[in-house]
Enquirer: 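Here it is: the structure, laid out below.
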Amino acid sequence: MDQIVLSVPALLPLIGGLALLFVSQFGPLKKAEGAADGRTRRDRLLQLYVEGIALANSLVLLWLVFSASGEGVVLFRLYGELKVMFRLDGMGRVFAGLIGVLWPLAVLYAFEYMKEERRKAAFFAYYLMTYGITAGIALAGNLMTLYLFYELLTLATFPLVLFPLTREAARASRKYLYYSIGGAAFAFLGLVFVLYFSSTGNTAFSAGGMLDLEAAGQHKDLLLFIYLLAFYGFGVKAVVFPCHKWLPPATVAPTPVTALLHAVAVVKSGAFAILRLTYYSFGAGFLKDTWAQWVVMAAAMMTIAYGSTMAAKEAHWKRRLAYSTVSNLSYILLGASMMSPLGLAAALSHMVFHAFMKICAFFCAGAVMHQTGKTHVYELDGLGRRMPVTFGCLTVASLSLTGIPLFAGFISKWNIARAAFTCGMGPTVPLGGMVGYLGTGGWRLLAFGAVAVLLYSALMTGIYMLTVVIRAYFPKVGAALTAAAGEGGDGPDKVAGQKEVSSSGVAAEGCGGPGQMEGQLSGGARVSGASGGACVAVASGGAGSGTEQGQQSMALSQPAADSGNCDPNWMMLAPLLLFAAAIILMGVHSAPLMEIFMQIGGEAG
């Protein structure tokens with residue numbers, strides 16, 4: 001029975017999403033676009049359908065996480081030993097449990113965020129399909145299945161990035177597609193060589209690796225080079241430098257998409273694939289103390305430093321969070337590059353904890369954009385008092401991402417640092433091959449350097465996350481920062497990101513509710529209102545000279561009046577509160593999860 005149910009989490013959302021896509025194009029959802037009452041009934045049916053499938057799928061997935069026997073099921077054979085099969089082991093349970101918890105809450109948030117969109121049915125169809133494909137990656141029992149669903153993920157998420165149908169969205173989606181196709185070619189090389197040198201004649205995952213060590217030892221440098229290519233192939237979705245450039249432009253997509261891109265679906269699938277490749281395909285024993293290990297470690301360190309530096313420089317809020325994701329995904333890879341049980345446990349802990357931190361941060365940014373239309377950091381002065389729940393949750397996520405004790409981020413970063421020290425002080429093993437002349441000592445110092453990179457990144461994270469919080473709660477400090485840094489001025493980066501005010505731009509106010517203003521500002525920011533006072537005031541006036549336009553843009557960044565509450569409704573607040581509570585809970589009581597992660601690390605590392 002378990003074997004049959006094992007295929008449900010991957011197939012149910014896929015079939016449900018395809019059916020919804022068909023109905024939205026050719027069925028009653030396509031025809032019922034007339035009266036407002038008809039649209040309301042249609043939207044309610046859509047919500048029930050999508051949330052019903054998401055909840056049912058999560059219940060099945062979580063049931064499998066806690067009760068699956070560990071046996072696999074073969075869906076079909078491609079050729080010979082190339083099988084598409086599902087099997088749930090320890091690492092798969094971690095990823096499956098993560099997406100099973102987060103996805104229904106993301107769907108709930110998306111209903112409110114996307115309520116004014118005309119193409120909601122197509123959006124949620126791809127959203128559901130992405131859920132099924134991500135579940136397929138978590139449940140993959142061999143490298144062939146993981147690669148297949150990894151490629152399907154590109155096809156399902158491409159329309160979501162393209163969804164706004166703007167010039168920026170077209171460019172971002174093309175870049176995402178080009179990078180993903182190039183990465184797939186490198187990852188495929190890894191699949192081919194793993195199959196050829198496999199000790200079992202197939203690509204089934206095995207704790208400690210599946211290579212025939214005797215045969216692989218005769219071609220070790222070649223296999224290490226192939227591992228490096230496959231690492232960068234899967235690293236496209238894990239946004240390893242320099243394969244990260246598709247991610248910041250992809251923030252043009254709606255926030256429910258970018259949140260899942262950064263927290264669960266795409267980037268975490270890339271990191272998960274690298275963990276599978278390292279510990280369950282090539283094997284940590286084969287890779288440890290080789291030049292490939294140190295190259296991968298150096299790449300992760302470079303990406304951490306680069307991503308956190310760029311995030312501190314970025315004024316656009318969602319792009320700032322995108323660069324934060326570039327940095328934090330390589331925390332996972334840095335832990336994995338230690339090739340040790342503690343390194344794998346640390347990587348898994350950050351994979352889970354970062355998902356909650358980043359989806360919370362993105363949903364807070366989306367809530368602000370949805371309610372006020374503000375997209376840049378220098379526009380947020382004073383909003384903390386107008387949106388207390390939203391910015392309270394953002395404060396929790398920011399403190400955790402910075403690595404403050406009693407929050408989840410501290411636990412994972414502490415364990416990554418411990419793994420780096422352990423790797424640096426490990427037994428001396430002479431290096432041979434391509435980089436043997438550097439000596440063991442020089443490469444060991446790289447592991448200690450990882451700790452310095454973690455400290456630098458923590459400082460940068462505090463700057464780029466906590467400055468947002470400070471500006472929101474202390475607008476006078478924010479005004480001083482703006483004056484000191486020249487934010488909102490006429491620099492090319494700032495002007496390009498500022499909102500345009502049309503020649504007939506009228507003042508719009510309200511925090512959202514039926515009958516209130518629903519607008520779309522450039523940069524993907526939605527403006528809605530709800531009862532309780534004005535959340536945004538857009539300056540009116542003609543489109544004059546560049547100076548006048550700059551003054552209008554600055555008027556947009558001024559905080560609204562102090563009266564009224566601008567927090568969104570419960571459909572957006574409930575996920576935020578649950579994510580913030582989970583971040584705190586995992587920070588003060590992480591022992592049960594860490595025991596699970598250490599057990600998995602002991603088996604595979």
Side-chain angles (χ1 to χ4, degrees), residues 137 143-144 146-151 153-154 157 175-197 203 209 211 219-250 261-262 266-284 286-288 290-307 310 322-323 325-339 343 347 351 433-435 443 446 450 453:
I137 292 173
L143 191 59
M144 181 67 236
L146 188 148
Y147 180 82
L148 175 64
F149 279 90
Y150 183 86
E151 289 306 292
L153 185 62
T154 301
T157 51
K175 181 175 285 189
Y176 171 52
L177 189 62
Y178 297 158
Y179 270 79
S180 297
I181 291 173
F186 287 155
F188 184 75
L189 285 175
L191 170 65
V192 170
F193 275 81
V194 166
L195 178 62
Y196 184 81
F197 286 97
T203 62
L211 297 182
H219 306 277
K220 188 163 188 175
D221 277 337
L222 173 62
L223 283 172
L224 292 176
F225 179 69
I226 294 298
Y227 166 76
L228 199 60
L229 290 181
F231 172 87
Y232 273 99
F234 288 122
V236 167
K237 283 188 169 64
V239 287
V240 178
F241 181 90
C243 304
H244 68 284
K245 293 185 178 180
W246 64 269
L247 187 63
L261 285 177
H262 292 252
V266 174
V267 295
K268 287 299 190 302
S269 293
F272 180 78
I274 289 175
L275 295 180
R276 284 294 201 189
L277 181 78
T278 302
Y279 287 88
Y280 290 80
S281 298
F282 282 86
F286 181 77
L287 298 169
K288 189 174 178 62
T290 65
W291 61 269
Q293 177 189 6
W294 308 112
V295 170
V296 167
M297 188 183 298
M301 292 166 58
M302 182 185 300
T303 307
I304 291 171
Y306 171 82
M310 292 299 296
Y323 281 113
T325 299
V326 172
S327 176
N328 274 270
L329 259 289
S330 279
Y331 278 69
I332 301 172
L333 305 184
L334 181 61
S337 69
M338 302 303 166
M339 308 294 175
M351 184 177 76
M434 297 173 64
V435 293
W443 290 106
L446 192 64
V453 171

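Quick caveat, the model's predicted, so the values are computed rather than measured. Sequence positions, counted from 1, serve as the residue numbers for this chain.
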Enquirer: As an exercise, state the distance from CG of L191 to CG of L143, rounded to the nearest 0.5 Å.
Expert: 5.0 Å
Enquirer: Can you name the nearest heavy-atom pair linking Y150 to G270, along with the distance?
Expert: CE1-CA, 4.1 Å
Enquirer: Between the main-chain N or O of V236 and the side-chain N or O of W246, is there a donor-acceptor pair closer than 3.5 Å?
Expert: yes
Enquirer: Should F193 and H219 be marked as a side-chain contact (heavy atoms from CB on, under 4.5 Å) after you check the CA-CA gap, both sets of side-chain angles, and the distance that decides it?
Expert: CA-CA 11 Å; F193 275 81; H219 306 277; over 6 Å; no
Enquirer: Let me confirm one number: the CG-OH distance from N328 to Y323, rounded to the nearest 0.5 Å.
Expert: 15.0 Å
Enquirer: In Å and rounded to the nearest 0.5 Å, what is the OH to CD1 distance from Y331 to I304?
Expert: 6.0 Å
Enquirer: For the side-chain contact (heavy atoms from CB on, under 4.5 Å) test, which of V296, I226, L287 pairs with F231?
Expert: V296
Enquirer: Do L334 and M297 come close enough that some side-chain heavy atom pair is under 4.5 Å?
Expert: yes
Enquirer: Should F234 and T278 count as side-chain neighbours, where that means a heavy-atom distance under 4.5 Å?
Expert: no
Enquirer: Distance under 6.0 Å and angle within 45° of the ring axis: does K237 meet both against F272?
Expert: no
Enquirer: Going from CZ on F149 to CE on M144, what distance comes out if it is rounded to the nearest 0.5 angstrom?
Expert: 10.5 Å
Enquirer: Begin with the C-alpha distance, continue with both residues' side-chain angles, and end with the deciding distance and a verdict on side-chain contact (heavy atoms from CB on, under 4.5 Å) for M310 and V326.
Expert: CA-CA 10 Å; M310 292 299 296; V326 172; over 6 Å; no
Enquirer: Of all heavy-atom pairs between C243 and G235, which one has the smallest distance, and what is that distance?
Expert: CB-O, 4.3 Å
Enquirer: Quick one: pull up CD1 in I332 and OG in S337 and give me the separation to the nearest 0.5 Å.
Expert: 12.0 Å
Enquirer: In Å and rounded to the nearest 0.5 Å, what is the CG to CE distance from L333 to M351?
Expert: 11.0 Å
Enquirer: Are side-chain heavy atoms of L223 and F286 found at a separation under 4.5 Å?
Expert: yes
Enquirer: Are H244 and Y306 close enough that their ring centers fall under 6.0 Å?
Expert: yes
Enquirer: If you compare all heavy atoms of T157 against all heavy atoms of L153, which two are closest, and at what distance to 0.1 Å?
Expert: OG1-O, 2.6 Å
Enquirer: Could you check whether F282 and Y227 have their ring centres less than 6.0 Å apart?
Expert: yes
Enquirer: Please identify each residue that fulfils ring pair (Phe, Tyr, Trp, His ring centres under 6.0 Å) with Y147, with sequence neighbours left out.
Expert: F188
Enquirer: Looking only at heavy atoms, what is the nearest atom pair of A238 and A271, with distance?
Expert: CB-N, 3.8 Å
Enquirer: On a heavy-atom basis, which atom in M301 and which in A450 lie closest, and how many Å separate them?
Expert: CE-N, 3.6 Å
Enquirer: So, for G343 and Y279, which heavy atoms are closest and what is the spacing to 0.1 Å?
Expert: C-OH, 4.4 Å
Enquirer: Any donor and acceptor pair, going by atom type alone, linking the side chain of T303 with main-chain N or O of F241 inside 3.5 Å?
Expert: yes
Enquirer: Is any side-chain heavy atom of L275 less than 4.5 Å from a side-chain heavy atom of Y280?
Expert: no
